[in-house]
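On a predicted model such as this, the values are computed, not experimentally measured, just so you know. Just so it is clear, the values below take in all heavy atoms, side chains as well, and ignore hydrogens, waters and symmetry mates.
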Amino acid sequence: MPTTTTPPGPPATRRAAARGLLSTSHLAAALTMQPADATVAAALRAGFAVGAALVLGHLSGLPGAAGFAALGALASVYVRWAPYRRRAELVGTAGLMITGAVAVASLTALAGWPAPVEMLVVALVAAGTSLLTLAVRTGPPGPVMAIFAAGAAVAGDPSLTDVGVRTGATLGGAVLAWLVCLSGYVLRPSEPAGLAVRRALRTEPLDPTRLAQAREVLADDLSHRRTAPAARDLALLLVEVEDGESASVTVDSDLRVPKRRSLLQVARETVRSGEVTVPVLRIGIGALLASLAALALGWGHPAWAAVGAAAALQGRHIHTNTPRALQRAVGTAVGALLAWPLLEAHLGFWAVVAVVVVMQVVTELLVLRNYAVAMLVITPMALMMTSLGAPADGSLALDRALTTVLGAAVGVLMTVVVHDRWEQTAGR
């Protein structure tokens, strides 16, 4: 009789969690390339949305509009395989979240509050957006885009008109992202469902997780008149493959497709479960500590440390957060070196747009495979977007590397302090 190996459970104490930091398995996990499929369409959508936002923002003639429009267009990265009804909800929610972060942070900068208070506002944005993204289960990048946007908006000394331009440009970029991500519905409304079923049937034996994901997509399509016939055929195909000749479907309830839940229903169920409380506190406190530490050290762009902490805290346990922190720290450090000559070259606007669009596409192709490799591209892309708002040189890359490494370290520390046993207790 074959034996099964039980994977190690999460560390039960802070001491055990701290010892877990030294495990060589974290380095191995950080270096592993993961399989990923169906990434090209999502990458092209994101690249087009960001590029179009940059161009339209620039053509508007409004100062700073291009960069903030591109931030809003990053809402496009929150969907990959989602069906169109869910895609509309997710991109719309992400766009409003990023726009809200820009508005709050810009008003904070307008108020002229001391830098520590500004970092507190960024941390509150981190906590609020992490609550939202965890509640509606967006998955990565979670609150990171909103925190990055808040960090960009809290900088400088904007006027009230500037606040309006920033917020309006961000919202415009988000609307553009929504239109781009929904454009496929016109010609191929059932394509996401077909893709989900193909992914589920690609593995041998069948993967229960992918089957469940496919049926969630089909539930969405079955609830809409235009896509329901194709969705029913695809659901029947799944049943036939699972059951073979014994398959018997007489009514829709035999299709094993769950009832569709709206994003609001998902959020209510998640919040009521209590599972988001500790992660939200952990991200909020981690973002505050990291940004204040960067501020105390006199580093530029201290809000970037909050981004680093939040990104490292996307997982729940030490064995997921530590590899991610390593990936972000190492990838950012090397990516900053790659960005240095680009910043020193002082490229013109159209050259920056070309570089950003290419890097956005490459990012979406790589990020599911290995986060560290993706950071080699994400870092220069973020720095080039930042350079659109104000002249920049190689020192900007150094700020990015230092603050990100600090943020990642704080993120790991928070995982140890707010360790698994506390989280399990809080969820009861």
Under a 4.0 Å N-O cut-off, is there an ion pair linking Glu89 with Arg260?
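Salt bridge flag = yes for Arg260 with Glu89.
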Under the rule for ring pair (Phe, Tyr, Trp, His ring centres under 6.0 Å), what residues qualify as partners of Trp113, not counting sequence neighbours?
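Expected list: none.
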Sequence neighbours left out, what passes ring pair (Phe, Tyr, Trp, His ring centres under 6.0 Å) with Tyr78? Give chain and number order.
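So Tyr78 forms no ring pair (Phe, Tyr, Trp, His ring centres under 6.0 Å) with any residue.
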Would you indicate whether the side-chain heavy atoms of [Y] and [X] approach each other to under 4.5 Å?
| X | Y | answer |
| --- | --- | --- |
| Val353 | His58 | no |
| Arg80 | Leu195 | no |
| Met384 | Leu343 | yes |
| Val367 | Met375 | no |
| Val276 | Thr270 | yes |
| Leu201 | Arg210 | no |

Main chain of [Y], side chain of [X]: is a donor-acceptor contact present, judged purely on distance under 3.5 Å?
| X | Y | result |
| --- | --- | --- |
| Thr99 | Leu96 | no |
| Thr404 | Ala401 | no |
| Arg85 | Ser223 | yes |
| Ser159 | Asp162 | yes |

Can you measure from [atom1] ([X]) to [atom2] ([Y]) and round to the nearest 0.5 angstrom?
| X | Y | atom1 | atom2 | answer |
| --- | --- | --- | --- | --- |
| His346 | Glu344 | NE2 | CD | 5.5 Å |
| Leu297 | Leu402 | CG | CG | 9.0 Å |
| Met381 | Thr379 | CE | OG1 | 9.0 Å |
| Leu289 | Met414 | CG | CE | 6.5 Å |

Heavy-atom pair with the smallest gap, counting every atom of [X] and [Y]:
| X | Y | value |
| --- | --- | --- |
| Ala82 | Pro192 | O-CB, 3.7 Å |
| Ala109 | Gly156 | CB-O, 4.1 Å |
| Ala126 | Thr129 | O-OG1, 3.3 Å |
| Ala193 | Leu218 | CB-CD2, 3.9 Å |
| Leu376 | Gly331 | CD2-O, 3.6 Å |

Any salt bridge (Lys or Arg N to Asp or Glu O under 4.0 Å) involving residues 168-193? Give me the pairs, sequence neighbours left out, ordered by first then second residue.
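Only Arg188-Glu191, Glu191-Arg198 qualify under salt bridge (Lys or Arg N to Asp or Glu O under 4.0 Å).
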Measure up the Tyr185 and Tyr84 rings against each other and bin them: parallel (under 30°), tilted (30 to 60°), perpendicular (over 60°).
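Perpendicular.
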Derivation and outcome, salt bridge (Lys or Arg N to Asp or Glu O under 4.0 Å), residues Glu269 and Arg272:
CA-CA 5 Å; Glu269 293 172 9; Arg272 286 171 182 168; over 6 Å; no
Is it true that the side chains of Arg166 and Ser106 contain a donor and an acceptor less than 3.5 Å apart?
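The answer is yes; a qualifying pair exists.
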